[in-house]
J.: 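Before I ask anything, here is the structure I am working with.
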Amino acid sequence: MGTAFAVVLVFVGCCSNVVSLELLVREFPGCGNIVTFAQFLFIALEGFIFETNFGRKKPAIPLRNYVIMVTMFFTVSVINNYALNFNIAMPLHMIFRSGSLIANMILGIIILKKRYTASKYLSIALVSAGIFICTIMSAKQVNVANEGSEEEGLFAFMHWLIGIAMLTFALLMSARMGIFQETLYKQYGKHSKEALFYNHCLPLPGFLLLSTNIYNHCLHFNQSSPVVVPGVGLTVPIMWIYLLVNVVTQYVCIRGVFILTTECASLTVTLVVTLRKFLSLIFSILYFQNPFTTWHWVGTAVVFLGTLLYTEVWSSVQAALRGPEVKEKKAE
């Protein structure tokens, strides 16, 4: 029951979150900071009440370790959202972030001195190739969309390259954070819910640096088209509704992943999250009519094929199918 419930939370929460984010970004491309702040504030308040019991519960992991983790987490969240300001389409954004396997493997080899099987290296090569294909095709679309003059086209392309560089940095930083978190859990035990709270609470003062941008977008949101909230009768600007939906669905998504990690093996968690990303990508393309060529589809297929190969899903399926045969032979 817990596993099925968690899977529903992940698919409903995460897919709805992507839709609400795209609705926000399409209206105000630079609203990443206010979205990130709202998400952090909501999850921090929930954790303060239910996880720390209004600050009375002491952390199991020393606070200094959380400060390091939070610095990386805050940087990754802000850069990922802010990259949308640089002509990065939502489908490319989702595909690029699917390359976390590459970053994890590279840093695992460098920092943890890990070694992997041939199938793992093949899967990473596939993911890299898929992201490369999608990135190149998106670069061509940026050039085509800005053919007005050579200078404008070059400026748009350089603007887009900055966004790609930001996503690359965030990808590597996220992988480094994952390795750091893994070492902490080995040393102090798993405290995922506690980490979730501190990762969202401690960075809140950092948003003071972005306060002007957040305040300006509050004004923009206030000027958006008003809608009547059903059952309440209040008139609220539509952008605030989108933001509320985004914050709630982000929380549902994260909670679903947390429950999955406690209920299932890591293989199942990775598979569910991968399928969720794929459905979000397909929905984004079809519903919002984002430009997506045949080569984009090829690149996407290669990315997810590599991801599934990395999780060794096919080997697990074969083992599951061989299971009954082995039992029958033993019975004979």
Side-chain angles (χ1 to χ4, degrees), residues 1-26 35-36 38-40 42-43 46-47 76-77 80-81 84 89-101 104 123 127 130-131 134 171 174 178 192-193 195-196 199-200 241-290 292 296-297 299-314 316-317 320:
M1 179 63 183
T3 302
F5 179 66
V7 170
V8 171
L9 287 182
V10 170
F11 276 92
V12 174
C14 299
C15 292
S16 302
N17 182 257
V18 171
V19 173
S20 61
L21 179 61
E22 184 142 4
L23 288 170
L24 287 163
V25 170
R26 277 178 170 262
V35 172
T36 307
Q39 292 173 351
F40 275 51
F42 181 85
I43 295 174
E46 189 275 340
V76 168
S77 297
N80 268 328
N81 283 334
L84 293 169
M90 188 60 72
L92 177 62
H93 192 271
M94 286 187 282
I95 293 168
F96 211 93
R97 292 179 69 176
S98 296
S100 55
L101 290 175
N104 283 328
S123 68
V127 172
I131 291 177
C134 290
L171 201 63
S174 179
S192 301
K193 200 172 181 183
L196 181 66
N199 279 345
H200 289 81
I241 300 293
Y242 291 157
L243 182 62
L244 177 63
V245 171
N246 181 269
V247 168
V248 173
T249 53
Q250 173 74 0
Y251 174 74
V252 171
C253 175
I254 289 178
R255 287 289 293 136
V257 173
F258 168 73
I259 296 172
L260 267 184
T261 57
T262 58
E263 296 279 343
C264 309
S266 59
L267 172 64
T268 306
V269 176
T270 306
L271 177 60
V272 170
V273 172
T274 300
L275 293 176
R276 192 279 303 169
K277 287 178 180 178
F278 186 71
L279 286 180
S280 297
L281 178 64
I282 299 300
F283 187 86
S284 173
I285 294 162
L286 297 178
Y287 184 79
F288 292 103
Q289 298 181 346
N290 280 308
F292 220 69
H296 279 95
W297 282 111
T300 303
V302 172
V303 167
F304 286 100
L305 176 62
T307 304
L308 293 177
L309 179 62
Y310 184 89
T311 59
E312 298 178 349
V313 172
W314 178 242
S316 300
V317 172

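These values consider heavy atoms only, across backbone and side chains, with no hydrogens, waters or symmetry-generated copies. A quick note: this is a predicted structure, and the numbers were derived from the prediction, not measured.
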J.: Mind checking the CZ-CG spacing from R255 to L196? Nearest 0.5 Å is all I need.
T.: 8.0 Å
J.: Donor-acceptor check, side chain of S20 to backbone of N17, threshold 3.5 angstrom: yes or no?
T.: yes
J.: Please name the pair of heavy atoms, one in V247 and one in A38, separated by the smallest distance, quoted to 0.1 Å.
T.: CG2-CB, 3.5 Å
J.: For C253 and G13, work out which heavy atoms get closest and say how close.
T.: CB-C, 3.9 Å
J.: Identify the two heavy atoms, one from F40 and one from N199, that lie closest to each other, and give their separation to 0.1 Å.
T.: CE2-O, 3.6 Å
J.: Check G256 against L9 and note the closest heavy-atom contact, atom names and distance.
T.: CA-CB, 3.7 Å
J.: When L21 is tested against each of L23, V25, V18 for side chain to side chain contact (heavy atoms under 4.5 Å, CB included), which residue passes?
T.: V25
J.: How long is the gap from OG on S16 to CZ on F11, to the nearest 0.5 Å?
T.: 12.0 Å
J.: Using atom types as modelled and distance alone, determine if a side-chain donor or acceptor of T249 lies under 3.5 Å from a backbone N or O of N246.
T.: yes
J.: Do H200 and I254 touch side chain to side chain, with heavy atoms closer than 4.5 Å?
T.: yes
J.: Tell me, do V12 and V252 make a side-chain contact under 4.5 Å, heavy atoms counted?
T.: no
